[in-house]
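First up is the structure itself, then whatever we jot down about it.
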Protein chains: 2
Amino acid sequence: MKTRPPTATEDSAAETAGQFPFGINVEGLPCIKCPARTSDLCGALSDKNLPALFQASTLIELRKGETLFLDDQPAQHIFNVITGTITVFRTGPSGQRQVVNFLFTGNLLGITPEDHYGFSAEACTTAILCRWERAKFEDLLILFPNLDRQFRLISSKVLARSIDLAYSLGQLTAEQRLAAFINQLHERQSKMASDPMTVLLTMSRADMADYLGLKVETVSRALSKLKVKGVISLPASDRVVIIDRDHLRRLSQSA
Amino acid sequence: MKTRPPTATEDSAAETAGQFPFGINVEGLPCIKCPARTSDLCGALSDKNLPALFQASTLIELRKGETLFLDDQPAQHIFNVITGTITVFRTGPSGQRQVVNFLFTGNLLGITPEDHYGFSAEACTTAILCRWERAKFEDLLILFPNLDRQFRLISSKVLARSIDLAYSLGQLTAEQRLAAFINQLHERQSKMASDPMTVLLTMSRADMADYLGLKVETVSRALSKLKVKGVISLPASDRVVIIDRDHLRRLSQSA
DNA sequence: CGCTCTGTTGAGCTGTCTCAACGGCCGTGG
DNA sequence: CCACGGCCGTTGAGACAGCTCAACAGAGCG
């Protein structure tokens with residue numbers, strides 16, 4: 001893609017430092033706020049400038065089930081998931097819940113130019129995140145044009161995933177949705193998976209059901225069907241092993 | 001919301017003109033490319049600078065059914081709908097189609113920082129749009145910071161609508177989806193509607209079905225049910241009159 | 001050890017789909 | 001001008017996927 005703004009190479013701007021706005025120590029990577037450059041934002045910054053980003057953030061920890069924010073709250077913070085799983089969802093007036101995304105290590109959360117979040121988020125497992133004041137984060141976007149670009153790309157991927165979900169919900173059967181879901185998790189976990197064919201289901205069946213627009217029983221049945229077909233195995237309820245990758249792929253597509 | 005970048009008031013930048021980058025005539029509003037300031041982008045620019053935006057665009061016309069672009073094509077253009085209805089959709093490998101949005105007068109199309117669109121668009125009715133080269137449009141975003149801000153807000157609304165759709169598809173029954181859909185159209189058309197309680201269905205039942213994750217017969221039946229209940233009337237197949245607004249609202253919500 | 005919570009499985013029910021027929025509208029051609 | 005054919009929307013009857021209600025087993029925890 002053609003890069004429009006005629007900005008400097010690499011991280012630009014703050015290269016002209018000496019006067020880092022947060023007075024940080026540039027040494028000592030990796031830092032605990034972004035171990036092994038896991039954040040989705042890292043691609044935008046060099047080892048040299050990465051600390052400037054994370055020094056501006058605060059670490060927070062959530063227990064399973066704690067809410068991070070609700071949709072009608074003012075969007076004061078941006079978050080980055082360090083460990084654990086976060087559930088992003090919308091609730092209806094009669095208590096129904098549609099999960100719109102699961103967030104894992106490295107994923108960004110709270111992106112919006114509006115003054116309210118417009119969606120809710122809670123801890124699906126115990127989780128550690130780092131949190132920026134929104135104003136401070138926006139300063140960083142100005143300071144590092146590459147970061148801003150990366151940020152826009154991430155926003156675009158969020159939309160793409162949301163369209164994928166709509167496609168799943170509108171066009172696929174229960175079994176196909178499950179297959180597509182496992183494939184999605186597989187892809188997202190492949191970077192840091194221990195075993196290349198194992199997918200971790202860090203969320204409950206209820207959370208999966210709320211994401212896939214199904215009931216828990218249906219999720220359970222669909223998983224069983226995939227197991228009986230020999231496409232996957234379930235060594236534990238939170239662990240799927242993909243046996244026939246191509247078959248799983250096909251299942252997630254055809255009608 | 002707190003506006004971060006310390007930019008000038010109003011449209012900023014090009015105020016220092018004399019050397020307008022596109023050598024246009026600032027007089028003569030409204031122009032045919034944006035009659036009555038209908039574009040979603042207009043909020044960002046004054047009458048004085050609006051022509052700079054639209055002078056940089058080309059008018060194009062599409063007949064009903066013609067495709068504007070496909071998801072795997074390079075994202076070279078940004079569009080603004082002037083008249084007609086555009087269908088934005090994703091297709092599956094076996095020909096299934098999930099409509100993710102309908103676009104009307106003023107709506108923006110083709111927004112993405114990626115090099116490919118990632119979704120397809122076609123004319124749902126005969127339509128007129130104006131089209132920008134993407135590079136040129138991005139120049140304008142830099143020239144007018146207010147425009148850039150408006151652009152981000154629009155992108156955010158696109159995501160919000162996509163989340164709404166996922167909620168509908170995952171949590172609502174056929175009748176509820178129809179009710180919600182009619183409400184949505186009602187809100188979007190209220191600005192320029194002739195009759196305040198009439199909603200125009202400019203798309204076919206098939207398009208509605210592909211949007212709502214239903215079959216045409218189910219759409220038809222759901223509309224009939226709403227009619228029998230006395231919530232709406234259907235003076236023509238492309239025209240809904242809302243009789244009981246509150247009831248329709250309630251139907252689109254509760255389980 | 002017993003409690004609760006989560007996940008699985010079964011049986012019957014219901015909403016949506018499938019298949020089919022039909023009527024109205026519109027463009028085409030006699 | 002009317003007759004015809006194709007397309008679109010509506011309605012009915014039966015099929016089926018996913019839901020509801022219910023029972024039960026295993027894991028986690030006090």
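Both backbone and side-chain heavy atoms feed into the values below; hydrogens, waters and symmetry mates do not. Lettering follows sequence order; numbering is per chain, from 1. In this text the structure is predicted, and so the values were computed from the model without any measurement.
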Next item on the list: Could you say whether Ala206(A) or Glu217(B) is positioned toward the 5' end of DNA chain C, judged by the nucleotide with the nearest heavy atom to each?
Entry: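 Result: Ala206(A).
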
Item checked: Gln176(B) side-chain N/O to Thr173(B) backbone N/O, donor-acceptor pair under 3.5 Å ->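 Indeed, once roles are kept as given, a pair shorter than 3.5 Å links the two residues.
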
Notebook entry, point to check: Does Asp40(B) offer a backbone N or O that forms a donor-acceptor pair with the side chain of Gln150(B) under 3.5 Å?
Noted result: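 Yes; judged by distance alone, with no hydrogens or angles, the pair exists.
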
Measure [atom1]/[X] against [atom2]/[N] and give the value in whole Å, please.
X: Arg177(A); N: dG18(D); atom1: CZ; atom2: P; result: 7 Å
X: Leu201(B); N: dT10(D); atom1: CG; atom2: C1'; result: 15 Å
X: Arg239(A); N: dG7(C); atom1: CZ; atom2: C1'; result: 17 Å
X: Lys225(B); N: dT16(C); atom1: NZ; atom2: C1'; result: 9 Å
X: Leu223(A); N: dT6(C); atom1: CG; atom2: P; result: 17 Å
X: Leu234(B); N: dT10(D); atom1: CG; atom2: P; result: 7 Å
X: Leu212(B); N: dG15(C); atom1: CG; atom2: P; result: 18 Å
X: Leu172(B); N: dT16(C); atom1: CG; atom2: P; result: 10 Å

Item checked: Ion pair check, Glu114(A) and Lys157(B), cut-off under 4.0 Å ->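 Yes, charged N to carboxylate O under 4.0 Å.
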
Next item on the list: For the pair Lys64(B) and Glu122(B), find out whether any cationic side-chain nitrogen is under 4.0 Å from an anionic carboxylate oxygen.
Entry: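 Result for this pair is no, no salt bridge flagged.
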
Next item on the list: Please determine if a side-chain N or O atom of Ser220(A) lies less than 4.0 Å away from the OP1 or OP2 oxygen of dT9(C).
Entry: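 Ser220(A) to dT9(C) OP1/OP2: no side-chain N or O under 4.0 Å.
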
Notebook entry, point to check: Under 4.0 Å between a side-chain N/O of Thr218(B) and OP1 or OP2 of dG15(C), yes or no?
Noted result: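 For dG15(C), OP1/OP2 do not have a side-chain N/O of Thr218(B) under 4.0 Å.
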
Counting side-chain heavy atoms from C-beta on, which of [options] comes nearest to [X]?
X: Arg221(A); options: dC19(D), dT10(D), dT16(C); result: dC19(D)
X: Thr173(A); options: dG18(D), dT11(D), dT18(C); result: dG18(D)
X: Arg205(A); options: dG9(D), dG7(C), dT11(D); result: dG7(C)
X: Leu214(B); options: dG7(C), dT16(C), dG10(C); result: dT16(C)

Next item on the list: With Arg131(A) as the cation and Phe79(A) as the aromatic partner, state whether NZ or CZ is under 6.0 Å from the six-membered ring centre and within 45° of the axis.
Entry: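 Cation-pi check for Arg131(A) and Phe79(A): fails.
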
